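Values reported hereafter were calculated over all heavy atoms of this structure, with side chains retained and with hydrogens, waters and symmetry mates removed. Note that the structure is predicted; figures quoted are calculated from it, not measured. Below, chain A is the first sequence line, B the second, and so on; all start at residue 1.
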2 protein chains.
Amino acid sequence: MTNSSAARSPRTDAVRNRQLLLSAAAEAFAEHGTEVSIAEIAQRAGIGKGTVFRHFATKEDLIAAIMGEMIDSLITTGMGLWDAADPAAALLEFMTTGIELLARDRAFCEVVGRPSLQHPAVRAGIDRLCEVVEILTNRARRQGVIRQDITGQDIVLLLGGVRHTAAPLADTQPQLWRRYLGLIFDGIRAQAAQPLPHPPPRRLEFTGPYCESSH
Amino acid sequence: MTNSSAARSPRTDAVRNRQLLLSAAAEAFAEHGTEVSIAEIAQRAGIGKGTVFRHFATKEDLIAAIMGEMIDSLITTGMGLWDAADPAAALLEFMTTGIELLARDRAFCEVVGRPSLQHPAVRAGIDRLCEVVEILTNRARRQGVIRQDITGQDIVLLLGGVRHTAAPLADTQPQLWRRYLGLIFDGIRAQAAQPLPHPPPRRLEFTGPYCESSH
DNA sequence: GGTTAACCTGACCAGTCGGTCCGTTTGGCG
DNA sequence: CGCCAAACGGACCGACTGGTCAGGTTAACC
């Protein structure tokens, strides 16, 4: 419906600035997490602070736009692996790609790990990601190459988990997460040595207004 | 050396207030993480903001005092399991206790997972914890009940990792971490199905002044 | 009970943040 | 070229933070 009747293509400087803003923000968020100030992002982009809010009404919207792109790229990766020859290897490759993304981007880590802060759009993206991974997981499970009680949602949650395991030493050993991915994937392959002590996770639930309400 | 020559026992209201402060702060940090304001902590304790800074020069010092206590309690748990009959079960019990603690306390999660923000005292506590867990792990490894390439440092890192894996759903499924602890412990038991793709972590290294220097 | 130093308090300070607003600039179109 | 809406920029606002300090209070010792 947008741009339907009184459509007018945006000015060239506006699209240029939007692009500058998006890349500067992506870079800043990756380095420092979502806590970087809008002022710093604007400075990096070489534009005024007001211009930032012209393109994105709130900081949350800006974050959501960038995180949405990252989630989409991960979804694409997942879909590209649907018809891989070895479904276990495909699953491992997907997880590797995902954690590489997380390891490179602090903001992505934060947003993915904290449902109470999530923008509705991000939430929707993660839902789609879960569905994609579910398909990847189902194939592997049906072929019996991973234990039967693992779901796609498990896999998605484990991405953040693996990354966080290695996070405290990430400055000095940036590849350490590969160790824990290996360890956990051994657990995923293991044919249910022990039944898991808790049922699989339910879908992420909507927890009301997406901003931390607390106290 | 402190309190040696001109010692004078602190006033009774001072020790009472210190106690009130410590419990209020512990509660607030557990609920909301290290970001709760000093003002709120003071209000909870029923004391003035100035009194907080009389007992602890900076907010970091207050955090360190409380986190130090938690680490010490975990160290005690670990030492109590040194002579358990089944070393694998002992290790699992230790991890269960540790993650329970993490799951109940947001600030503990934050502090343990972020070396660059750590107070020197906290850092030292974690070092001691690692040594204790190393002993626990060595026993299990020597008896062959866990894979040979796992170290105590791995175990400590995995505590935070497991907790973080389940964190996004912790509001609705507070016990979900037990699922991932089970999964990962299966990986720990597995007799090296695959050699791990990265060497074990080196000790946490001192990264300069404990406050994030960045940008 | 009187003296005093330890203690308590909340107004206050400087700095940060997200977000607003309006005077100014500029790109596109007739 | 000349017009004007769209876009820009940065001073500004209110809310909030960790931390300070002057002045009133009180516990402990003589």
Student: Between B/Asn17 and C/dC8, does any side-chain N or O lie under 4.0 Å from OP1 or OP2?
Tutor: yes
Student: Output the rounded distance in Å from CD (A/Glu40) to C1' (C/dG19).
Tutor: 18 Å
Student: Check the distance between C/dT26's C1' and A/Arg16's CZ and give it to me in whole angstrom.
Tutor: 11 Å
Student: In whole Å, what is the span from the CZ atom of B/Phe56 to the C1' atom of D/dT20?
Tutor: 18 Å
Student: Of the nucleotides D/dG9, C/dG19, D/dC8, which one has an atom closest to the side chain of A/Phe53?
Tutor: C/dG19
Student: Let me know, please, whether A/Ile38 or A/Gly50 comes out on the 5' side of the other along DNA chain C by nearest nucleotide.
Tutor: A/Ile38
Student: Go nucleotide by nucleotide along DNA chain C from the 5' end; which of A/Asp13 and B/Gly48 gets its closest nucleotide reached first?
Tutor: B/Gly48
Student: What is the distance, rounded to the nearest whole Å, between atom CD of B/Gln43 and atom P of D/dT17?
Tutor: 11 Å
Student: Hey, what do you get for CG (A/Asp154) to OG1 (B/Thr165), rounding to the nearest 0.5 Å?
Tutor: 10.0 Å
Student: Verify the distance criterion only: is there a donor paired with an acceptor across the side chains of B/Arg178 and B/Gln175 at less than 3.5 Å?
Tutor: yes
Student: State, yes or no, whether a side-chain contact exists between B/Pro201 and A/Arg179 at a heavy-atom distance under 4.5 Å.
Tutor: yes
Student: Does OP1 or OP2 of D/dC8 have a side-chain N or O of A/His55 closer than 4.0 Å?
Tutor: yes
Student: Within this structure, what is the CG-to-P distance between B/Asp61 and D/dG18, rounded to whole angstrom?
Tutor: 14 Å
Student: In whole Å, what is the span from the CZ atom of A/Arg18 to the C1' atom of D/dC8?
Tutor: 15 Å
Student: In whole angstrom, what separates A/Ile41's CD1 from C/dG19's P?
Tutor: 11 Å
Student: Out of D/dA7, D/dA27, D/dG9, which has the shortest distance to the side chain of B/Thr12?
Tutor: D/dA27
Student: Separation of A/Glu35 atom CD from C/dG18 atom P, in whole Å?
Tutor: 10 Å
Student: Go nucleotide by nucleotide along DNA chain D from the 5' end; which of B/Lys49 and B/Arg11 gets its closest nucleotide reached first?
Tutor: B/Lys49
Student: Of the nucleotides D/dA7, C/dC8, D/dG9, which one has an atom closest to the side chain of A/Arg54?
Tutor: D/dA7
Student: Checking the side chain of A/Asn138 only, and the main-chain atoms of A/Ile135 only, is there a donor and an acceptor separated by less than 3.5 Å?
Tutor: no
Student: Can B/Glu27 and B/Arg44 be counted as an ion pair, charged N to O under 4.0 angstrom?
Tutor: yes
Student: If you go through the side-chain atoms of B/Lys59, does one of them form a donor-acceptor pair with the base of D/dG19 closer than 3.5 Å?
Tutor: no
Student: Nearest to the side chain of A/Ala14 - C/dG18, D/dC8, C/dC7?
Tutor: D/dC8
Student: Pick the nucleotide of DNA chain D nearest each of B/Thr51 and B/Pro10; which residue has the one closer to the 5' end?
Tutor: B/Thr51
